[in-house]
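These notes are about the structure you will find just below.
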Amino acid sequence: MDGSENVNFRSGIRPPQVRATTTTSQTAYLQEISDSQHNARAQTQTTGIPQKRAYHGIPQPEPKRKTLIERGSEPLKPQAHSATSGLPRTAIGVKGTSIASLSSNSASGTTSRYASTSNFAKSVGPGARAPASARAPTSMGFNQSTTGRPRAMTRPRPATVMGNREAEEECRQPDQQKGMKFLASFQQHALRYQKSRRTSPQQSTVSQARKESRGVSRLRKQFETLSLDEDQNDSCNGDQVVSKQNRQSSPRHSQSDVQTEADPSKVHQEEAAGSDPFGPADSQRITPLPTTPPTISIGKEALARLERSLCKNPLSPTKSCSPTKRQFLTKDSNLTNFVGFDVDGRLNDFEREFKVMKEAFEGTITDRKALEEAISFAKNRASDLEREQQRLTDQNTQLQTQLEAQRQENYSLQQEKQSLIVQMEAKQREHRYELEDKQREHKHELDEMRQEFKAEADQLKREHRETLEAMERRYKAELAEEQAQRSREIQELRTRLGAEQQDLSLELLKKEREVQEMRSQVEALRSDLDREQTIKGTLQQQIADMATMNMTLEDRMRGLRAKIEFLESDSKQQSDSFASMEARLQEALRVAEEARQKLIKEETERRVLFNKYQELKGNIRVMCRVRPVLDPSEGEEAKISFPDTKTSSQIDVTGPEERSSLGTVSRKVIPFEFDRVFDPSVHNEEVFGEISQLVQSALDGYNVCIFCYGQTGSGKTYTMSSPDGMIPRATHMIYDTITKLAEKSWTYTMEGSFVEVYNEELHDLLTPAKEADGKKKLEIRHDEARKQTTVLNCKTVALDSPDKVEAMLKQAQSNRSVAATKANERSSRSHSVFILKLVGENSATNERCEGTLNLVDLAGSERLKHSQAEGDRMKETQNINKSLACLGDVIEALGRGSAHVPYRNSKLTHLLQYSLGGNSKTLMFVMVSPLEAHLKETITSLRFATKVHNTHIGTAKSTKKIRASDP
Ligand SMILES: Nc1ncnc2c1ncn2[C@@H]1O[C@H](COP(=O)(O)OP(=O)(O)OP(=O)(O)O)[C@@H](O)[C@H]1O
């Protein structure tokens, strides 16, 4: 807005004023009005600066106080408070006021909420009201007065949408107020609707409102001008009537205004009366306005509302209407300085603006229609929602009913459950009580029974104890008596024993004497026997003679007997029987003699036949024995089979793996055949059964050699020297045979010796090492004639009982050199030879036989590299190997029938010279280990044995000779 316009319009706009001034007294109020007017006028006259600048509280020079006349001639000034605040609705009734003046007043009132009413309205206008600052800050301002508080005492009210301006309008123009209120309400809705539709920020709204405010201010000025014109031109205008009425009632109103200002209670009454703009009070007090063109009326109202809304907007600049810019014309107005308006121009402007406003209103109406449609739609929607709500309410009611029924049912079930629980608890209680009663009873009974049992037990214990004590006393007495009796008996026995011992010793002496006597008697009897035998021969001769004579006599006797029989029949019969008995006796003697002769002859023939049978079987025989696996920890078992189950003479050994030239690995099965093969299940008894014939040969006067060959641990010692080995069995058999042969007039003497070949030296195993050291060395002597070997300086034991054989074996075993090696810590590192000489004589036939049984336990045949021997052990092994090799050489030479047999190459073969080959019978046991680890040694041993087996030694000859033919 330019400065000229500002000057023109300042007359209708009240300057802003501090609301506190409105609470002063009447005098102060008037003083303040005067100051305001004076200040406003002074500003207008001096500077012409817009009122906005004077509003900022800058100290102003004290204005010159004017008289009422001067003031009346001055243009109107803005009041310190809104004119509408204390004015009745007819307060607008300024003399000569038309719609334009009303608009002007209203416009001046809307410029600023803090602006005072015009000087005119305050001093002249009827129905002065309480200051606006005392009114309630509502949009309509109707019911704020009901608070009863003096408006002057209230603090400044914040800006509202409607502000005091509307109240002013209500006071001044009731009819317009109605329309304005309606339009204001409508505009509010429209603005809200537009706001809701707008998406621009509030800042843009504020700026728009400012623009509109400026445009409205301009319109308002033009409208004032138009109102003035209408007031002047149209005498039929309702405004004019109002003006007249206002003019008529102005004194009263003025007075009332003053009173109202002085008495706030009146203000309340008036506000109460004016709270209903359409009420009868209004219609009584205010004459209805003549009908104005609706467009103009609406435009005015809209203009006023827009102006109010814009002025009330705190963000818009303050519309400080200068009091000097616009003045109402009264009869007292000083028109000296009054400047006329360009009515036509302003009218044109107004029409132009009016058209704009009209268009705005039309748009608003369109919006209103849309809003109405939206409202109707919303109503329909609301009705639908209400129906839905009703339906839901009904459903809810049904559900509530069902819920209630369920609750009832639940409640009844709860009740039932409660009653059941109570019953159950009662039952449980009863049961518990019963149980407790029972338990008490049982406990009571149990206690009673316990006491009874305890009493019984005590009673029994007492009785038992008494019984025990009685028995103990009795037994003690009996025992003492028994002990006394026993001691007496022992004493008697001792006495008797002593006597008996004396008797026995005496009797022993006596027996010894008797033995002596018997021996002498035996000697005598022997001589007597010889003599008797001689006599017997003589007697036999005499018997024979007597027999002849007897026969003669018998013939005689027969003759005589016949006579006697004839005479005496009984004596004849006795004589016959005696004769027959005598004859039978003689016949028996003869047969017995013939049988004895035949038996001796047959025994001789048996021996001959038996030895012939032995010779046919071969003088060197080889048997193989495989020992069992003693423990699985020994290692894997070699694959050894015994295919010939009938003759038991074959053994198949699966050899080690061999790689051919083509690289294929294979294992050969090597078959061996001997005179007999014993599998691991065979015991020593069965083995001895095979060699017992050789023992018999020794008894018959042959040299027999049985030796065991094999690697260490293969079972040589077990076979030969174990408690049921060949040596004990052979001796037992010999004893049995000797006993039997005694019936055949054979008497045998047995001598045994036990030697060891160790490191090619002979050791006497029957002589302890300590004793042997001092003795001479053993030497081998051969009797070529008797084919017997004798070991000089060797102890020989007469074996006349089996016990002596066992004692000899034990002693030999303990003296035998046993050296530990890595292969077998009990390995025998020497050859042991048990030599049993048997000499038999037949007293009947005068035969004599002398045989030797050699039972040899060879040392281990394993090779040196396997024994891992060192030092002395190496020497032992070498000697062992040497002697074994010599044994093989001897056998081979015998087999070849060589003229020279290398017996002397080793002590062993030298010792066994007459037991190997020639006049001898030889049996070799090759002992085999069943372990895979010993497989190579097993095969080596079996090959050696095969070589021996294939050897044919010459026919054995017995050393039996007729004693008579001996030299
Ligand atoms: N037929 C068998 N039945 C049961 N056990 C056997 C048999 N043969 C040998 N043994 C056992 O095998 C072990 C070794 O046997 P033995 O000592 O007789 O072997 P060896 O050949 O005499 O050894 P060395 O050469 O060291 O004297 C012994 O414990 C023995 O009891």
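Ligands are counted one by one from 1 in listed order, and the atoms in each one are counted from 1 as well.
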- Message: Checking side-chain polar atoms at under 3.5 Å, does Gln913 have a donor or acceptor matched by the opposite partner on His782?
- Response: yes
Going through the distances and angles, do Ile734 and Leu799 end up as a side-chain contact (heavy atoms from CB on, under 4.5 Å)?
CA-CA 11 Å; Ile734 288 167; Leu799 302 173; over 6 Å; no
Short N/O distance, under 3.5 Å, between Thr719 and ligand 1?
no
*asked:* Salt bridge or not between Lys777 and Glu779? Use side-chain N to carboxylate O under 4.0 Å.
replied: no
Indicate yes or no for a side-chain donor-acceptor contact from Glu634 to the backbone of Leu630 under 3.5 Å, with no hydrogens or angles considered. yes
- Does the side chain of Tyr748 pick up a donor-acceptor pair with the side chain of Glu841 at under 3.5 Å? no
Within the 4.0 Å heavy-atom cut-off, what Leu630 brings close to ligand 1 is side chain
- Should Gly713 be listed as contacting ligand 1, given a heavy-atom distance under 4.0 Å as the test? yes
With heavy atoms and a 4.0 Å threshold, my read on which part of Pro680 contacts ligand 1 is neither
Mutual orientation of the aromatic rings belonging to Tyr758 and His763 [parallel < 30°, tilted 30-60°, perpendicular > 60°]: tilted
Counting from 1 in the order shown, the ligand 1 atoms closer than 4.0 Å to a non-hydrogen atom of Gln711 are 21 (O)
message = Looking only at distances, can you tell me whether any N or O atom of Val682, backbone or side chain, sits closer than 3.5 Å to an N or O atom of ligand 1?
response = no
Review point. Can a non-hydrogen atom of Arg625 be found less than 4.0 Å from any atom of ligand 1?
Key: yes
Exercise. Mind checking whether His683 has a heavy atom under 4.0 Å from ligand 1?
Worked result: no
If we number the atoms of ligand 1 from 1 as shown, the ones under 4.0 Å from a heavy atom of Arg627 are 7 (C), 8 (N), 9 (C), 12 (O)
Checklist entry - Would a line drawn from the ring center of Phe707 to the ring center of Phe925 be shorter than 6.0 Å? => result no
